[in-house]
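Structure first, commentary second.
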There are 2 protein chains.
Amino acid sequence: MKKVTIRDIAREAGVSVATVSNVLNGVEKCREETRERVLKTARELGYRPNISAKTLATRRSGLLGIVINEKTEGSSFSQMNLLVNGMNSAIRRYENYDLIITEVFRDGSMEYLRDWIAKRDLEGVIFLGDYEEELLREIEKTGIPMVMVDNYGEELKEASYIHSEDTLGSYLAVEHLIERGSRSVAFVCGSLDENEVYRRRFYGYKAAVEEYGLALTEENILETEETFRGGYEATRRICEAGKTDAIFFSYSEGALGALKYLNGRRDIPGEMKIIAFGDTQAWEYTTPSLTSTDQQVSYKGELAVDMIIDKIGDRGKFKREVSIPVKIRKRETT
Amino acid sequence: MKKVTIRDIAREAGVSVATVSNVLNGVEKCREETRERVLKTARELGYRPNISAKTLATRRSGLLGIVINEKTEGSSFSQMNLLVNGMNSAIRRYENYDLIITEVFRDGSMEYLRDWIAKRDLEGVIFLGDYEEELLREIEKTGIPMVMVDNYGEELKEASYIHSEDTLGSYLAVEHLIERGSRSVAFVCGSLDENEVYRRRFYGYKAAVEEYGLALTEENILETEETFRGGYEATRRICEAGKTDAIFFSYSEGALGALKYLNGRRDIPGEMKIIAFGDTQAWEYTTPSLTSTDQQVSYKGELAVDMIIDKIGDRGKFKREVSIPVKIRKRETT
DNA sequence: GTGAAAGCGCTAACAT
DNA sequence: ATGTTAGCGCTTTCAC
């Protein structure tokens with residue numbers, strides 16, 4: 001079964017390659033009759049377009065890059081698979097596009113990334129999670145359309161952003177804790193310095209705490225490593241201090257660590273309430289089941305693809321910022 | 001910054017494009033002096049190869065396809081991200097290769113997949129999880145090198161397979177339960193009919209049960225949906241029957257559902273022991289922490305890439321089957 | 001050891 | 001409405 005080209009179709013259908021190309025690309029420059037004949041022979045011959053040739057001729061590869069960072073991906077608990085799931089659903093709607101994937105490691109990935117984008121003629125790239133501003137700026141210089149997911153970067157002028165309603169979501173989460181009776185809520189997150197997402201969530205926390213007249217104390221703000229263990233340790237410290245009756249986790253793994261520490265030591269939610277930013281089916285099945293905020297991860301993925309394709313159409317101009325609403329899933333920890 | 005081509009390099013370095021091409025591809029047909037001059041100008045000009053052109057000329061795209069199925073990916077708990085993590089690590093070792101990804105949905109994905117492979121000139125494809133035999137056979141007909149991960153398919157003659165030591169692993173897991181004092185072990189899995197992985201795990205279970213002289217009863221074998229809920233319901237049924245003191249979960253989510261049901265109802269591990277096939281960091285932090293079998297998922301991903309690249313080198317012939325050893329991570333549920 | 005030239009499959013002027 | 005043709009950037013005989 002050798003390769004069928006448009007030349008074969010042209011010969012067989014008795015037309016020129018240009019006509020075949022036109023028909024195949026939906027260019028309306030021929031009469032219906034020819035159109036159908038070309039389409040028919042194409043089908044009969046089992047023609048499959050060769051994208052490399054097309055790309056070479058047009059500079060359009062139909063390739064969207066997905067960039068993942070080591071940290072996000074290494075975590076067995078991350079919701080990256082849901083994101084990718086959403087992207088895969090969305091990409092099916094765009095016949096000529098495919099997803100190509102890479103991972104950025106801590107060191108010197110910039111040159112790698114630039115090469116990657118250039119050599120594959122990527123048309124757009126979606127970044128999942130956090131990256132150094134410098135890397136992003138360098139990539140933006142190449143002029144490629146970019147969409148950032150779960151990541152804020154004030155300095156990029158043309159990239160679009162998708163994230164959760166971090167501030168509002170956190171406000172609602174903390175409000176929920178207070179409504180359930182809490183009088184002192186702790187806020188646990190990763191590095192506030194390095195991570196705008198956590199800063200936003202902190203603003204939401206702060207707003208709720210002040211709004212409801214609770215004290216905003218330093219000991220109630222804990223920056224930890226973003227792991228199960230980080231949550232466990234934070235909870236231990238909080239309990240040892242003994243002044244707090246609820247914890248908000250900015251990274252959801254932490255909440256599982258918290259439950260581990262609390263079970264057998266404190267009554268949940270009586271003595272300690274827990275809420276986590278980020279929902280997972282699993283949270284229904286922890287002991288006790290975990291109240292959390294649902295960020296519609298899969299939908300974020302779909303949106304990312306739709307947005308990047310829009311941007312490609314708009315020739316890369318035009319920045320957008322989309323916040324995905326957050327819903328509270330109330331369960332046993334509150 | 002316009003596109004730099006080998007033609008530019010040739011002109012600048014005062015040689016022909018053929019020589020540039022040779023040098024760039026490491027063909028040893030010129031003297032050291034020319035070689036260095038070409039390399040130097042290439043660097044100075046900021047040359048980046050154009051893969052589409054290369055692919056068009058050579059039929060080698062440097063693209064490896066990853067196929068995911070809807071089910072695996074939709075599960076927020078799947079370890080797909082770890083697999084992809086491993087693949088991304090491995091792919092970095094092969095300068096000319098990249099990973100392109102797609103998802104197979106339940107219906108009529110065969111034609112889609114064939115097109116995908118053909119139009120992108122994929123050099124090899126890695127399947128994660130389960131697919132219909134017919135689909136796989138059709139793809140194999142195209143002659144493309146295939147590597148299957150966590151999936152057994154007796155009928156494919158040239159594809160290679162990577163999976164866990166399912167039978168031995170299950171044997172060890174059940175043996176562990178028995179050694180901890182169990183006298184009646186239940187086996188919970190998804191559809192045995194449809195899934196060879198579960199059949200293998202069942203053989204291991206059966207072997208251990210017989211080896212240690214326990215009874216092999218029908219009520220101790222439960223086929224359920226492979227979800228948290230499936231595990232929860234299975235556990236409820238087992239407890240209501242009241243004849244069993246340990247459960248082996250072939251899909252690890254089930255174990256979380258089991259804990260949910262058991263906490264407050266039964267003493268773990270006193271009255272009921274639990275073990276799950278498939279480890280996750282999270283299992284350290286459940287209440288109680290979950291004993292499980294570690295299948296080195298990330299390593300599987302690396303191996304998949306290495307194997308497919310080998311196959312591409314060998315021109316697609318030569319079938320291999322690799323079983324990844326399974327280790328038991330003993331925790332509080334046993 | 002190096003160069004000239006044909007060609008990979010497709011697109012897009014430009015002609016007709 | 002359709003055909004001719006010149007590339008897109010690279011590889012690869014085949015000559016020199």
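In what follows, chains carry the letters A, B, and so on, assigned in the order in which the sequence lines appear, proteins first and then strands, with residues in each chain numbered from 1. Just the heavy atoms: all of them, side chains too, but no hydrogens, waters or symmetry mates, feed the values below.
Going from atom CZ of Arg7(B) over to atom P of dC8(D) covers 8 Å, rounded to whole Å. Regarding Asn50(B), its CG atom lies at a distance of 6 Å from the C1' atom of dG9(D), rounded to whole Å. For the pair Arg35(A) CZ and dT2(D) P, the interatomic distance rounds to 12 Å; values are reported in whole Å. Between Tyr47(A) atom OH and dG9(C) atom C1' the separation is 7 Å, expressed in whole Å. Spacing between atom CG of Leu56(A) and atom P of dA6(D) amounts to 17 Å, rounded to whole angstrom units. For the pair Asn22(A) CG and dC10(C) C1', the computed distance is 12 Å after rounding to whole Å. Computed from coordinates, the Arg11(A) CZ to dG9(C) P distance equals 12 Å when rounded to whole Å. Distance Arg37(B) CZ to dT2(C) P: 8 Å, rounded to the nearest Å.
With sequence neighbours excluded, no residue forms a ring-ring contact (aromatic ring centres under 6.0 Å, His included) with Tyr97(B). Considering only residues two or more places apart in sequence or on other chains, Glu140(B) meets the salt bridge (charged side-chain N to carboxylate O under 4.0 Å, His left out) condition with none of them. Under the ring-ring contact (aromatic ring centres under 6.0 Å, His included) criterion, Tyr94(A) pairs with no residue at all, not counting sequence neighbours. Ala57(B) is linked by a side-chain contact (heavy atoms from CB on, under 4.5 Å) to nothing, counting only residues two or more places apart in sequence or in another chain.
Over its full length, the helix from dG1(C)-dC16(D) to dT16(C)-dA1(D) turns its helical axis through 40°, comparing axes from the five pairs at each end and rounding to 10°.
Comparing dT4(D), dG9(D), dA1(D) by their nearest atom to the side chain of Arg59(A) picks out dG9(D). The nucleotide whose nearest atom lies closest to any side-chain atom of Ala53(B) is, among dT12(D), dG9(D), dG1(C), dG9(D). With dG9(D), dT12(D), dC10(C) as the candidates, the nucleotide lying closest to the side chain of Ala57(B) is dG9(D). Checking dC10(D), dT11(C), dG3(C) against the side-chain heavy atoms of Val17(A) singles out dT11(C) as nearest. Comparing dC10(D), dG3(C), dC10(C) by their nearest atom to the side chain of Thr5(A) picks out dC10(C). With distances taken from any side-chain atom of Ser16(A) to the nucleotides dT11(C), dC10(D), dG3(D), the minimum falls on dG3(D).
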Practice item. Step by step, work out the side chain to side chain contact (heavy atoms under 4.5 Å, CB included) result for Ile126(B) and Met307(B). Key: CA-CA 10 Å; Ile126(B) 298 171; Met307(B) 279 172 74; over 6 Å; no
Exercise for review: Could you give me the CA-CA distance, side-chain angles and deciding distance for Leu136(B) and Met146(B), then say whether side chain to side chain contact (heavy atoms under 4.5 Å, CB included) is met?
Suggested key: CA-CA 9 Å; Leu136(B) 298 177; Met146(B) 295 163 72; 4.2 Å; yes
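Using cut-offs of 30° and 60° on the angle between ring planes, the pair Tyr161(A) and His163(A) is tilted.
Listed pair Ser21(A) / dT11(C) meets the phosphate criterion, a side-chain N or O lying under 4.0 Å from OP1 or OP2. Side-chain N/O atoms of Thr19(B) include none lying less than 4.0 angstrom from OP1 or OP2 on dG1(C).
Remark: nothing in residues 114-122 of chain A comes within less than 4.0 Å of DNA chain D through any heavy atom.
Salt-bridge formation is not detected for the pair Arg37(B)/Glu44(B): no Lys NZ or Arg NE/NH1/NH2 atom is positioned less than 4.0 Å from an Asp or Glu carboxylate oxygen. Between Arg60(B) and Asp121(B), no side-chain nitrogen of the basic residue sits less than 4.0 Å from a carboxylate oxygen of the acidic one, so the salt-bridge criterion is not met. Remark: Arg7(A) does not engage Glu12(A) in a salt bridge, criterion side-chain N to carboxylate O under 4.0 Å.
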